[in-house]
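A short worksheet on the structure shown next.
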Amino acid sequence: MARQKNKRTRTIRTSSGGPRITLSRFSFWVVIAIGIAMAVSGFFNFFDWQWVDKACHWIQSLCFALGMVVPIILSYNSARHRGTGMFVLWIIMVVLVAFGVVSTIIGLIRALV
């Protein structure tokens with residue numbers, strides 16, 4: 001007697017809101033942008049100009065800020081399912097990261113002016 005396989009079918013749900021950018025596509029383009037920005041920044045770092053040094057620090061801070069978006073989004077589900085205490089700790093750390101990035105960018109803006 002032959003056994004029948006139990007096949008599960010999955011329904012793929014799509015939103016009708018138009019094309020959305022996925023996290024993997026966003027992270028791909030962030031890595032491309034960071035690579036290009038870091039290469040340009042590294043090239044210009046060889047010159048001993050004051051404005052180039054400030055611009056390189058600005059580019060590196062911006063790349064760090066963009067690079068932090070993906071891990072924060074990916075860690076949300078893990079933090080949410082670990083309990084209230086860990087979720088509150090995660091929120092505090094995200095706020096500290098955001099504060100650090102914003103204060104660095106504000107400091108660079110003041111240095112440029």
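Just so you know, these numbers come straight off a predicted model, no measurement behind them. The figures that follow rest on heavy atoms only: side chains count, while hydrogens, waters and symmetry mates do not. In this chain, residues are counted from 1 in sequence order.
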Handout entry: Whether Ser103 side chain and Gly100 backbone form a donor-acceptor pair below 3.5 Å
Key = yes
Hydrophobic clusters here meaning ILVMFWY residues chained together by side-chain heavy-atom distances under 4.5 Å, can you tell me if [X] and [Y] are in one?
{"X": "Val88", "Y": "Ile91", "answer": "no"}
{"X": "Val31", "Y": "Ile34", "answer": "no"}
{"X": "Val102", "Y": "Phe64", "answer": "no"}
{"X": "Leu96", "Y": "Met86", "answer": "yes"}

Fill in the blank from the handout: One should read off an interatomic distance between Ser27 OG and Leu66 CG, to the nearest 0.5 angstrom, of 12.0 Å
Problem - Spacing of OG1 belonging to Thr84 relative to CG belonging to Leu89, to within rounding of 0.5 Å - result: 12.5 Å
Problem - Pairwise side-chain contact, Phe26 with Ile73, heavy-atom cut-off 4.5 Å (strictly under) - result: no
Exercise for the section: Check whether any side-chain heavy atom of Val69 lies under 4.5 Å from a side-chain heavy atom of Val30, and answer yes or no. Expected result: no
Practice task
With sequence neighbours left out, write down each residue that passes side chain to side chain contact (heavy atoms under 4.5 Å, CB included) with Phe28, or none if nothing qualifies.
Solution key: Ile32
Problem - For Tyr76, side chain to side chain contact (heavy atoms under 4.5 Å, CB included) partners two or more places apart - result: Arg80, Phe87, Trp90
Fill in the blank from the handout: Nearest heavy-atom contact between Val101 and Ala65 is CG1-CB, 3.4 Å
